[in-house]
Amino acid sequence: MRKPPSELRPSSLAVLPMGDPLAPVVSSAVARLHAWYRAQARDLPWRRTRDPYAIWVSEVMLQQTQVATVVPYYERWLARFPRVGDLAAADEAEVLRHWQGLGYYRRARHLHQAAQVIVAQHGGSLPRDRVALARLPGVGAYTVAAVLSIADGQALAVVDGNVRRVLARLLALELPPDRGAGAAAIQRRADELLWHADPGLHNQALMELGARICVPRAPRCDVCPLANVCVAQGEGAPERYPTRSPRRVVPHRRLVVAVLVSEGRVLLHQRPYEGLLGGLWDLPTVPLPEADGLNAAAQRQALRTYLRQAFGLTARVGPALEPVPHAFTHLRVTLYPYRCAVAAAAGGALSACSEPQGHRTARWIAWAELGAHALPRATQKVLAQLTPPLT
DNA sequence: GACCCGTGGCC
DNA sequence: TGGCCAAGGGT
């Protein structure tokens, strides 16, 4: 843990507008927040460094992802790619493998691409200029503020999910804080509250508070350093904030999956970079019309047709495996996997699989080689039902 | 501004 | 159980 300044005085705290109900006491409350953070901050691996590259990696991994999930990925990543140049020089396949299971796989490819830009255009060091930094793929407003405040002490206020929740409660903000006017109000308040003496500590303290005290359900207002200036707490209903915008219905899709095995190998293809699970390797999958979702005969027929059209294979569809339900943020799917075998292939099973429409590649993969490919979680659940060696 | 993009943990 | 949430960014 690096040494924060010894003084706690929020002398450089921006002055709140005249008549602001929080203005009189907010400075001492923010000072208590900083003191709380220094005493209670978790000892996380990325808090033991000021290397901008390491901070950057942690911030990208932490996007929409909880700390406990990130820690092991972060350790493995830094061990394999300790510097920007190591990442830039790596194969994309290896980069994706180190991200496998973390989700939002475009983050990994952006990190990789950005590392190559940094080597080519910035001498191998992250740009300290926020405009240049924001130009890198996968680097948005949050990541710019986080990296430059934490690694370089620049006076940029971060706004993430934690900050939105904390400030929405602090102000009893009726607008949803994640968009439009509500988002603008949150950003303005975050800028006002920023502690210029140590922006990195301040930003992390606010996020840490949201992660551990001002949590979504059952916030621990009894131990919150900001409780005495929190309007929502004063109202006795902190959980009423943040208000939420109406959420849309999540569609449910049924997919038939071919577990096509030949000579001890299984057929995989790399998914297109654009769209869901981009760049990952997957089993051949075909969507079913809503009406046919539970019709086993329709599933088998859909699979045979798809394998012939997309891969040039005439397949024998064997026994059904256990269906695999899987929930994405915006989508719910159920996979219906079937064991399949090759009955015939135009030009032979292997050559028939080159460049199917919409796919970059298709390959027969031996069981021992599966580990060299990044696979979606749901696909891993399907393959886990098999018993190697494949026959 | 709306929508897309993963996964695991929580109750 | 299913909805909700998490240190967001791109289009």
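The structure displayed is predicted, hence computed values, not measured ones. Below, each value reflects all heavy atoms present in this structure, side chains not excepted, and no hydrogens, waters or symmetry copies. In the text below, chain A, chain B and the rest are named by the order of the sequence lines, each starting its count at 1.
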Whole-Å distance between C:dA6 P and A:Y142 OH?
13 Å
Heavy-atom nearest nucleotide on DNA chain C taken for A:E59 and for A:G138; more 5' hit belongs to A:E59
Using a 4.0 Å heavy-atom cut-off, does A:W56 contact any base of the nucleic acid, only the sugar-phosphate backbone, or nothing at all?
nothing
Without decimals, in angstroms, what is the distance between A:R42 CZ and C:dA6 P?
13 Å
A:N162 CG to C:dC5 P, straight-line distance once rounded to whole Å
13 Å
In whole angstrom, give me the gap between the P atoms of C:dT11 and B:dG6.
14 Å
Using whole Å, report how far CZ of A:R247 lies from C1' of B:dC3.
14 Å
Quick one: label A:S58 by what it contacts on the DNA or RNA (base, sugar-phosphate, nothing), any heavy atom closer than 4.0 Å.
nothing
Under-4.0 Å side-chain N/O to phosphate OP1/OP2 contact, A:R165 with C:dA6:
yes
Quick check on ring-ring contact (aromatic ring centres under 6.0 Å, His included): which of A:W77, A:F81, A:Y104 does A:W99 satisfy it with?
A:W77
Within the 4.0 Å heavy-atom criterion, would you say A:V139 contacts the bases, only the backbone, or no part of the nucleic acid?
sugar-phosphate
Would you measure the distance from the P atom in B:dC3 across to the matching atom in C:dC4 and give it in whole Å?
16 Å
Take A:L307 and A:V317, measure what side chain to side chain contact (heavy atoms under 4.5 Å, CB included) needs, and give me the verdict at the end.
CA-CA 10 Å; A:L307 289 171; A:V317 179; 5.5 Å; no
Whole-Å distance between C:dA7 P and A:E208 CD?
10 Å
So that I can tick it off, tell me whether A:D191 and A:R188 are bridged by a salt bridge, with the cut-off set at under 4.0 angstrom between side-chain N and carboxylate O.
no
Is a side-chain donor or acceptor of A:R253 paired with a backbone partner of A:P287 at a separation under 3.5 angstrom?
no
Looking at A:E192 and A:R189, is any side-chain nitrogen of the basic one under 4.0 Å from a carboxylate oxygen of the acidic one?
yes
Sugar-phosphate or base contact per nucleotide [nucleotides 5-11 of chain B; S, B, -; heavy atom under 4.0 Å]:
BBBB-B-
Relative to the ring of A:W56, is the ring of A:Y53 parallel (under 30°), tilted (30 to 60°) or perpendicular (over 60°)?
perpendicular
Nearest to the side chain of A:L44, heavy atoms from C-beta on, is which of C:dA7, B:dA2, C:dC4?
C:dA7
A:L62 atom CG is separated from C:dG8 atom P, nearest whole Å, by 8 Å
Using the P atom on both, measure C:dA7 against B:dC4 and round to a whole Å.
24 Å
Should A:E369 and A:R363 count as an ion pair when the cut-off is N to O under 4.0 Å?
no
Should A:D43 and A:R48 count as an ion pair when the cut-off is N to O under 4.0 Å?
yes
Starting at atom CE of A:M207, determine the distance to atom P of C:dA6, rounded to an integer number of angstrom.
13 Å
Is the phosphate of C:dC5, meaning OP1 or OP2, less than 4.0 Å from a side-chain N or O of A:R244?
yes
Take the protein atom CG of A:L206 and the nucleotide atom P of C:dA6, then report the distance between them rounded to whole Å.
14 Å
